[in-house]
Structure formats: structure tokens, C-alpha cells
Amino acid sequence: MASASFVKLNASSSPWIGQRSFNQRPGSSPRLPATRVSVIRAGSYSEELVKTAKTIASPGRGILAIDESNATCGKRLASIGLDNTEANRQAYRQLLLTTPGLGQYISGSILFEETLYQSTTDGKKMVDCLREQNIVPGIKVDKARIHSLLLLESNTINFFSTVYHNSYLFSLSFTGFSPPSRRTVVSIPCGPSALAVKEAAWGLARYAAISQDNGLVPIVEPEILLDGDHSIDTTLEVAERVWAEVFHYLAENNVLFEGILLKPSMVTPGADHKEKASPETIAKYTLTMLKRRVPPAVPGIMFLSGGQSEMEATLNLHAMNQSPNPWHVSFSYARALQNSVLKAWQGLPENVEAGQKALLTRAKANSLAQLGKYSAEGESEDAKKGMFVKGYTY
């Protein structure tokens, strides 16, 4: 895992890091490498953090994630025969972000850094297109070896060194996070080791604390990959371990739970498991995990699709909203919102309207799923096709 030094490392004066933890067995190694940290509190930003989180987690709306790197966006464009040029990326993003009526179903959109500075062909900033529809714009920062967190204050962009590869920034007060190795991922077939889980949880918690200390609402996202042939019970076991550690360290870092959003994977069998689970089973296992691990103070659960087909992601979300939940249970989808769009557009100017119609269809479907009112009747065959890619990277 990549690392750098945003906080100074020194365990000697730390009251808990580097000491024996509450569940550490005699003779075992400490929970984490020795680290000295400063206490982070949301402070005067508390009301703003809570308000922002609730705005994103508003009824019938979710997040459109279009934060793919240029390389990954190029793969999407190649699927319809387009070269990976800035002009083609601009045309595709313009199609998405200028879709009329999108704000009815989408509350926030995560952008890649290039898109932050792009304008439409008629000169309007992409982010302004979002704001006009009451969609909060965000940005993912991916600086490889040069790690950055973007803070936008009074229309000024300041870059601060951090220990992480990726972060998202929503408007002036909203940030999501994926730490080392592009995002925090947990691979079940290869482990995960206790140390890997603790390191991932610690990184997420520190990022969340630092974000809130700067008036930013963090999205906390440890992604448990679909890769493998494990059962849904194994996924549940691993997910419970991961989220137990995450919330332990969030609490240790004084993170305001009312001012965060979560972006978990759904609890499903491995992609290669011989038995596929129904939406009702996935909903049961996922909600069981969340109720055991996530405090009701957290305002929103914004699921990632993780390679599910468009219809699977929508059906599973719908199944989870058949009875009241302690949190807003919604979506932060990328491929599960965009796959049909690409096929309808095909890179042709005369197909822009068709592409936007496809986006609205998927956004509305997931909006209805968030409200527990979705029906799969009339779904296309393309929407039923899985999009799992082994070892997928963004």
C-alpha cells in the first residue's frame, strides 16, 4: 500500500495507537503501526456537515459517479469504437451532465479532475451544468505518487499533500474517499489479513476526520470485491469484520457520524460462486450487516454497483427499500448508470438525445428503487447483462 506523511509518526506519546487494543490477545501485534495523531473534531462545521450529508441523501435521489480516470474512460469509449481523445471524453461527459431533468433523480455527481476544468462546446462550465439542476458537483483526485486533496474555498483551489491517492470533493463541503491503491479494496479469496483490514479502516478514519476538520463531508468507502467463488455467508463475515474496524477507528478519530456518508458494496456471493442469490437474499444479508455495524446516526448509505448488471443493481436496491431503514439507502453508481447510455449514443452527435434518454431511464429506475417502487417490467436485455470484470480497476 502506498503511504506518505501527512501526520507525523511517533507512538511514544500516543494514548492508544501502538498500545494494546481492546481486542488484542497477549503476545499479538498491535492494531496498527505506531502512529501519533492529533485529535480531529468537526467543531464549528457540524451544522454544515449534517446539512450537506442530508442534501446528498435526499429521497428518491442518488449519486452519478463519472470519476473514471482518462484511461478507464478510454476503455468505455473503445467499446463503441471511439478513440480516447479529450474531445471525445468531453463530448461524452457533456452528454451526461447536460441531460435535462437529471436533477430529479441525481443529487450529486463525482467527476474526474479533467472534467472539473472542462466546459461544454458552448462554453458553459461542466460544474455549472450540474449546479443548475441542484446537483452537487464533486471531484476525484488521483495523483499517483503525488497525493492531493482539493479544497475549494471562495472559488479558490488549494492543494494539500495527503497520504492518499484518491478523494472526491463535492462543492465546497463534500468529499468522498478511496485511499491507497486507487481505492480501499478488500479481496476475499486472498484474505483479507487482519492487518490489511486494520490499515484500510485506519486510513478511511483519518481521512474522514481530516475532511470534517476542514468542513468537508466524507464518503467512507471500503470496497469488498466480487472476485472469487465464495458464498454469501463468507462475504457477510468479511463485511462485518471490515465495518467493525472502520467504525472503531472513526470513533477513535472523533468523526461526526451525522456528517458522513457510506459507500459500501452489497453483500453478495462471489462472482464465480455456483449459486446466484436473489435480490431478496442480497437485501436480507446486506441489511443484516448494516444493522449490526452502522449506527443509525449515519444519514446515508450510497451503494456502489461493483460490476452487477444495471438491472441487478436496481433490483437489489429496490429489495432493500421494502421496509423503513434507519438510514437513507441509495446508490452511487457508475457502470450501472452508464452502460446503456454508451450503447445508445455510439459516439454520434445525432444520438445524443437517445443517450440522455437512456441515462434518465436508468436514473429514474434507481430513484424508484430508492423509494421501494421499482418494477423490472419492460427492462431491456442489455440492462440484464452483467458487467463484472475480474481485477477491475478505475
Side-chain angles (χ1 to χ4, degrees), residues 52 55-68 73 76-77 79-80 82 86-112 114-140 168 170-171 174 302 305 310-311 313-314 317-318 328 330-371 373-380 382-383:
T52 301
T55 297
I56 299 296
S58 54
R61 300 207 297 168
I63 295 171
L64 169 63
I66 54 171
D67 57 327
E68 303 90 351
C73 188
R76 304 273 172 86
L77 296 175
S79 72
I80 57 172
L82 291 184
E86 182 176 357
N88 284 337
R89 294 193 299 270
Q90 177 197 35
Y92 179 53
R93 292 161 179 164
Q94 178 174 328
L95 179 158
L96 296 171
L97 301 183
T98 61
T99 298
L102 189 62
Q104 183 177 349
Y105 313 117
I106 300 297
S107 56
S109 182
I110 307 170
L111 313 176
F112 187 64
E114 181 180 67
T115 317
L116 174 69
Y117 302 104
Q118 281 181 326
S119 298
T120 63
T121 51
D122 60 3
K124 181 182 293 184
K125 291 289 186 183
M126 296 283 192
V127 292
D128 290 336
C129 295
L130 291 172
R131 291 189 177 112
E132 287 178 358
Q133 295 208 57
N134 195 30
I135 300 172
V136 187
I139 181 173
K140 179 179 78 172
Y168 308 127
F170 278 81
S171 187
F174 195 106
M302 320 299 284
S305 56
E310 291 178 331
M311 196 172 79
T314 307
L317 181 62
H318 168 75
H328 174 82
S330 191
F331 61 93
S332 179
Y333 292 164
R335 285 175 286 173
L337 284 172
Q338 297 180 49
N339 194 49
S340 293
V341 178
L342 283 164
K343 292 180 178 180
W345 177 45
Q346 292 295 314
L348 301 174
E350 60 267 29
N351 289 344
V352 167
E353 186 175 342
Q356 292 180 331
K357 182 179 178 180
L359 176 58
L360 279 183
T361 296
R362 294 267 37 103
K364 182 179 180 180
N366 286 289
S367 171
L368 290 171
Q370 196 287 311
L371 298 171
K373 299 177 180 180
Y374 167 73
S375 170
E377 184 178 353
E379 285 281 18
S380 69
D382 281 338

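- Residue Leu371 holds its CG atom at 11.0 Å from NE2 of His318, rounded to the nearest 0.5 Å.
- Atom OH of Tyr333 sits about 10.0 Å away from atom CE of Met302, to the nearest 0.5 Å.
- In this view, Lys124 and Glu132 satisfy the salt bridge (Lys or Arg N to Asp or Glu O under 4.0 Å) rule, not counting sequence neighbours.
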- [ ] Could you give me the CA-CA distance, side-chain angles and deciding distance for Leu64 and Leu102, then say whether side-chain contact (heavy atoms from CB on, under 4.5 Å) is met?
- [x] CA-CA 10 Å; Leu64 169 63; Leu102 189 62; 4.2 Å; yes
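- By the 4.5 Å heavy-atom criterion applied to side chains, Phe331 and Leu337 are counted as neighbours.
- Judged as a side chain to side chain donor-acceptor pair (under 3.5 Å), and not counting sequence neighbours, the contacts of Ser340 are Glu310.
- In this view, Tyr105 satisfies the ring pair (Phe, Tyr, Trp, His ring centres under 6.0 Å) rule with no residue, not counting sequence neighbours.
- Residues Leu97 and Leu111 are in side-chain contact: their nearest non-hydrogen atoms beyond the backbone lie under 4.5 Å apart.
- For the atom pair OG of Ser330 and CG of Asn366, the computed distance is 8.0 Å after rounding to the nearest 0.5 Å.
- Considering only residues two or more places apart in sequence or on other chains, Ser58 meets the side chain to side chain contact (heavy atoms under 4.5 Å, CB included) condition with Arg61, Ser107.
- Under the side chain to side chain contact (heavy atoms under 4.5 Å, CB included) criterion, Gln338 pairs with Ile66, Glu68, Arg76, Tyr92, Leu96, Ala334, sequence neighbours left out.
- Here Ser79 pairs with nothing under the side chain to side chain donor-acceptor pair (under 3.5 Å) rule; sequence neighbours left out.
- Note that CD1 of Ile80 is 5.5 Å distant from CD of Gln346, once rounded to the nearest 0.5 Å.
- Using modelled atom types, one finds a donor on one side chain and an acceptor on the other under 3.5 Å when comparing Arg362 with Thr314.
- Smallest separation of non-hydrogen atoms from Val127 and Leu116: CG1-CD1, 3.9 Å.
- Across every non-hydrogen atom of Trp345 and Ala91, the tightest pair is CZ2-CB, 4.1 Å.
- Interatomic distance, Ser332 OG to Ile56 CD1, rounded to the nearest 0.5 Å: 10.0 Å.
- Listed here is the closest heavy atom pair of Gln133 and Gly101: OE1-N, 3.2 Å.
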Pairs of donor and acceptor atoms involving the side chains of residues 352-360, under 3.5 Å and at least two apart or interchain, shall be tabulated with distances.
unit_1: Gln356; atom_1: NE2; unit_2: Leu95; atom_2: O; d: 3.0
unit_1: Gln356; atom_1: NE2; unit_2: Thr98; atom_2: OG1; d: 3.2

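- Within the structure, salt bridge (charged side-chain N to carboxylate O under 4.0 Å, His left out) pairs that include any residue of residues 92-112 comprise Arg93-Glu114 (at least two apart or interchain).
- The side chain to side chain donor-acceptor pair (under 3.5 Å) search around Gln94 returns Thr121, not counting sequence neighbours.
- Side-chain atoms of Gln370 do not come within 3.5 Å of backbone N or O of Pro59 as any donor-acceptor pair.
- With sequence neighbours left out, the side chain to side chain donor-acceptor pair (under 3.5 Å) criterion links Asn134 to no other residue.
- To the nearest 0.5 Å, the span separating CE on Met126 from CD on Gln118 amounts to 5.0 Å.
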